[in-house]
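What follows is one structure encoded as structure tokens, with my remarks underneath.
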Amino acid sequence: MFVLNPQSGIPIYRQILDQVRRMVASGQLATGAELPSVRELATTHAVNPMTISKAYSLLEAEGLLERNRGKPMTVASQSRKQTPLGQRLGQIQPLVQQTVLAAKQLQLSEAELVKAVRRLWEEE
Amino acid sequence: MNVHSVHASHLSKAFGPKQVIRDLSFDVGPGDVVGVLGKNGAGKTTLLELMLGFTQPSGGDIRVFEHPSTDLPGSVKARVGFVPQQDELLEHLSVADQLSLIASFYPRWDEQLITRLSREWGIDTRARIRNLSQGERQKLSILLAFGHRPDLLVLDEPVASLDPLARRQFLEHLVEISTDGGRAVIFSSHIVSDIERLANRIWILKEGQLDWQGDLDSLKESVVRVHLRGSADALARVRLPRALNTRRQDQYRTAVVRDWSPAEHEALAANAGVEVQVEPLALEEIFLELHR
């Protein structure tokens, strides 16, 4: 369920944090939804299990996830309804900023960038 | 109780006039997976050999499970597994005989694990060791080090001869054995991407000294490439005290910065007329930048 890239400069635990936050914010991960176990994630991606535990613990501290004795972690209940639009936009802001900057460096026009985004959007 | 798997303080080693390890202090505990990086000749193998007691320190102290590494009781040796860079297999034996020879030294030899891994890794136990390929020899050395389920596993370039598939299987197995939290793993490799997957701690050895030691995550968050854009005047006012390598071109300045922090980001962004962009770096790039 996660896209993890160990060779990216972004630490793996951060990649997990960002993805869970986004999926919960959008409602894609609803209350009570189960997350894969640490062992499962670590073995499928061949990454250090402590990195994954760290991400899960931070998400638990944030109140996004709940630990259940002997069972998979689940999405906590206060995140039932969708997070307000402003906050969700805030989460994607850094990525958009990077893209816009890169587009400017490449001297692309706004319309060309929007067109590229639209094409990807429709593919998904 | 907090027992360190390995503990070193002010460790140093010289061969004649050549100082190979200089004043290293560190602790490794159960659950740690330490990736050791360094150029050829940085002292990686010597450091690992000091841990295993193969060579006497010239100064300082190194302990394994609380015992001086050059004087380990049998009960402690039985808790340590080692994969050397050059294997120590016996040419005339068959794989099966080599396995049972090593197994006879260890009371907690895990026959089931070895049978399973031999099958998964496609090791023909009837083959003679002298007929094995370099990769097969390396797989067998790894098996020999895993078999007694060591609490401390030390690996010196364990995957140099393995094909990508075998390397992945090896990594998956390392993950499997490190998920129970009780083991410490220390491994050196030039394959930085493997270390990036597996290690939670990184040691960067440079001329016998630990140029960097700490969490992989903190390393990635504290060494970044910063891109600045602004007029020549605005850029001239910007100070980047811990820049490793700086490049300037027209209205751009790019620098790799060590000890980066959010506070530093804010301070930079406060410069009027300067646009700041931070690019995170992969471990390989960080390693290269620290060696420029």
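Values reported hereafter were calculated over all heavy atoms of this structure, with side chains retained and with hydrogens, waters and symmetry mates removed. Below, read A as the first sequence line, B as the second, and so on, with proteins coming before strands; counting in each chain starts at 1.
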What are the two closest non-hydrogen atoms of [X] and [Y], and how far apart are they?
X      : Y     : answer
B:S193 : A:Q7  : CB-CD, 3.5 Å
B:D215 : A:K54 : OD2-NZ, 4.4 Å
B:V175 : A:V47 : CG2-O, 3.6 Å

Where on [X] is there a heavy atom nearer than 4.5 Å to chain B: the side chain, the backbone, both, or neither?
X      : answer
A:S8   : backbone
A:L101 : side chain
A:T44  : backbone

Interface moiety of [X] toward chain A, non-hydrogen atoms closer than 4.5 Å:
X      : result
B:V185 : neither
B:R168 : side chain
B:E275 : side chain
B:L216 : neither
B:E196 : both

Could you tell me whether a side-chain N or O of B:R197 sits under 3.5 Å from a main-chain N or O of A:H45, the two making a donor and an acceptor?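 At least one qualifying donor-acceptor pair exists.
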Problem set entry | Candidate pair A:N48 and B:V33, rule side chain to side chain contact (heavy atoms under 4.5 Å, CB included), full reasoning | CA-CA 8 Å; A:N48 188 301; B:V33 181; 3.5 Å; yes
Exercise for review: Please examine the side chains of A:M50 and B:D32, heavy atoms only from C-beta on, and report whether any two atoms are closer than 4.5 Å.
Suggested key: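 A side-chain contact under 4.5 Å exists here.
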Original post:
When only pairs under 4.5 Å are counted, which of B:N200, B:L219, B:L171 shares the most heavy-atom pairs with chain A?
Top reply: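 Top count of heavy-atom pairs under 4.5 Å with chain A: B:N200.
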Looking at A:R14 and B:D217, is there a salt bridge between them, counting it only when a charged N and a carboxylate O are closer than 4.0 Å?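 The answer is no: the pair does not qualify as a salt bridge.
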